[in-house]
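Position 1 is the first residue of the sequence; numbering continues from there. Order of listing sets the numbers, starting from 1, for every ligand and every atom in it.
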Amino acid sequence: MIHFRKPLANVERPQMEADVVIVGGGPSGMACALRLSQLIDDHNAIHPDAQLSKENIYVLEKSRETAQHLLSGALLDPRSMRELLPGFEKEAPIDAEVVKEAVYFLTEKGKFKLPITPPPLRDHGNYVISINKFVKWMGEKVEAAGITVFNGFAGSELLIKGDRVIGVRTDDKGVDKEGNPKSNFEPGYDLKAKCVILAEGSRGSLTKQLVARFNLDHDRNPQTYGVGVKELWEVPSGRVSKGEVIYTMGYPLTTQEYGGAWIYGSKDNIVSLGFVTGLDYHDPRIDPQKVLQEFKKHPFIAHLLEGGKMIRYGAKSLPYGGWFAIPPVAGDGWMILGDSAGFLNSQRLKGIHLAIKSGMLAAETAFDAMTTNDFSSQQLRTYQTRVDKSWIKEELWQVRNFHQGFEHGMLEGMVHTAFQQITGGRGFHERYASVPGHERMQTLNTLSPVGDDRAHMLGTAKGDGKLTFDKLTDVYHSGTKHEEDQPSHLVVHDTNICATRCTVEFGNPCQSFCPASVYEMEEAADVPGGKQLRINASNCVHCKTCDIMDPYQIITWVPPEGGGGPNYDGM
Ligand code: SF4
């Protein structure tokens, strides 16, 4: 029997009181903590008799060290950072300022450079950063400001009373595979908070619980996602200059799939390269990790990487759905930030600046609640108003229908984009509809025959060990580690479906869409169908693709024991 990771029942748990708990120490969570600290400092300086304390403000972060689980391209639009910390460039870890950009359309062997870079992809003035280094630096500032960051603690459950979120339960530590406490067992904390701020990143597990519990998405478009698979390379000097940005469209995807690649030149001949595959493709055999490997085989890309060395690997999902897929972002006892809410501009392939801004607006709301000691739902909902009046909405409103326009492929998508561009984001309808990406996946018997156009994306990548890599080699370069003796954090609610219906209908696509070789169908003589699902949970790089793309929606990603996961040093 497989035991899944959830807090043990009937365990006495340490109780802690908090004013504000921020779940997730990424850019939005850290920006929130930092802004709240600034506001408290300013308040305390002018109100010596009404001091506010930071003692009961906590950031929970599931990685052992701050920012270890963060992955992004990454290009930073500095707008929000300039508001948070004017002059931050003087001390922040910035690898390069963008000085050159180009957009290419790739065919199998050829390339066509767009004569002008479309405005959304003009990045002059943005910065090439490592999101790990950058957020680590933000985290140091948060701690120096007197706010406690609990590293290695995942939020595993929301504490809810009636209709109000009243806190977060952290993960139990020291639970074995069978779900029994080990000798080092430590129960998770019950952090009772006046306000819980969810900054968990894309497809946050607590955010998912919250949205389902309060039916927050009932009048929204379904959120849609892409998965970005990234490698960091060290290349011979002169291949990609510092501050050079290249975007590509086309190969290896066909006109039926959504996605594209980025190449960012950083300092010291480090190149960030990755491919985002929209998680709404039709063919269940498509493998996003293989898509990246095929991309590197294109003569243009292979030449850039020749003689270089891959040094890191990782993957992350990103929310593409746009403005109409964002749920209400505040309610009774809670607020939602960044990627967890869906604040991402998919046309610009950027979300860090929006995440930071959302953290700042939530901090201003929490600060008002602290000064008035009013944490009511009405008070916290002013965060929603702040977002609606901010440049977050202004920016996202312009691209509100962008991704939905690609529903019928790239060519039609470009027509929609062009029309949206001249109608302020509206396009042909006020609100384009959308369906969840997993619903687009077709059963094997309804797929059009595989012609030459799609065959290269199917099957697992073998890798030549120089330019291309198999998944396990790539995963090794993600530095991923988990405690082996713990319940699986990939909850498959009905493994019979995997062995029976899914094998026949979709060919077990989890083996393809997971970029870390977590899922394997292995021979098992004593079960119906002769195969059973094996879950190599310790490989998991926490991208959440399985939670998103499983066609039966029977996979739930929950946080593993705090501390486990990738080590995205320099990514
Ligand atoms: Fe991503 Fe799921 Fe695979 Fe983990 S198991 S790497 S979350 S697809």
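Each of the following atoms of ligand 1 lies closer than 4.0 Å to a heavy atom of W557: 7 (S). The distance from ligand 1 to the heavy atoms of A516 drops below 4.0 Å at these ligand atoms: 6 (S). Applying the 4.0 Å criterion to heavy atoms of V518 picks out, from ligand 1, the atoms 3 (Fe), 5 (S).
In this structure, the side chain of Q68 engages the main chain of E65 through a donor-acceptor pair within 3.5 Å. T170 contributes a side-chain N or O that, together with a main-chain N or O of Y189, makes up a donor-acceptor pair within less than 3.5 Å. Distance alone, capped at 3.5 Å, is enough to place a donor-acceptor pair between the D464 side chain and the L467 backbone. No donor-acceptor pair under 3.5 Å is formed between the side chain of N508 and the backbone N or O of Q511.
A heavy-atom separation below 4.0 Å is found between Y519 and ligand 1.
The nearest protein atom to atom 4 (Fe) of ligand 1, hydrogens excluded, is given as C540 SG, 2.3 Å; this is a heavy-atom distance. Nearest protein heavy-atom contact of atom 6 (S) of ligand 1 is V541 N, 3.3 Å. Summary of contacts: the protein heavy atom closest to atom 3 (Fe) of ligand 1 is C514 SG, 2.4 Å. Closest to atom 7 (S) of ligand 1 among all protein heavy atoms lies K544 N, 3.1 Å. At the top of the distance list for atom 1 (Fe) of ligand 1, counting protein heavy atoms only, stands C543 SG, 2.3 Å.
No option in D474, D287, T460 other than D474 meets the side chain to side chain donor-acceptor pair (under 3.5 Å) test with Q293.
Residue contacts to atom 3 (Fe) of ligand 1: C546 brings no N, O or S atom closer than 2.8 Å.
No side-chain heavy atom of V175 sits under 4.5 Å from any side-chain heavy atom of K182. Considering only heavy atoms from C-beta on, D339 comes within 4.5 Å of L344 through its side chain.
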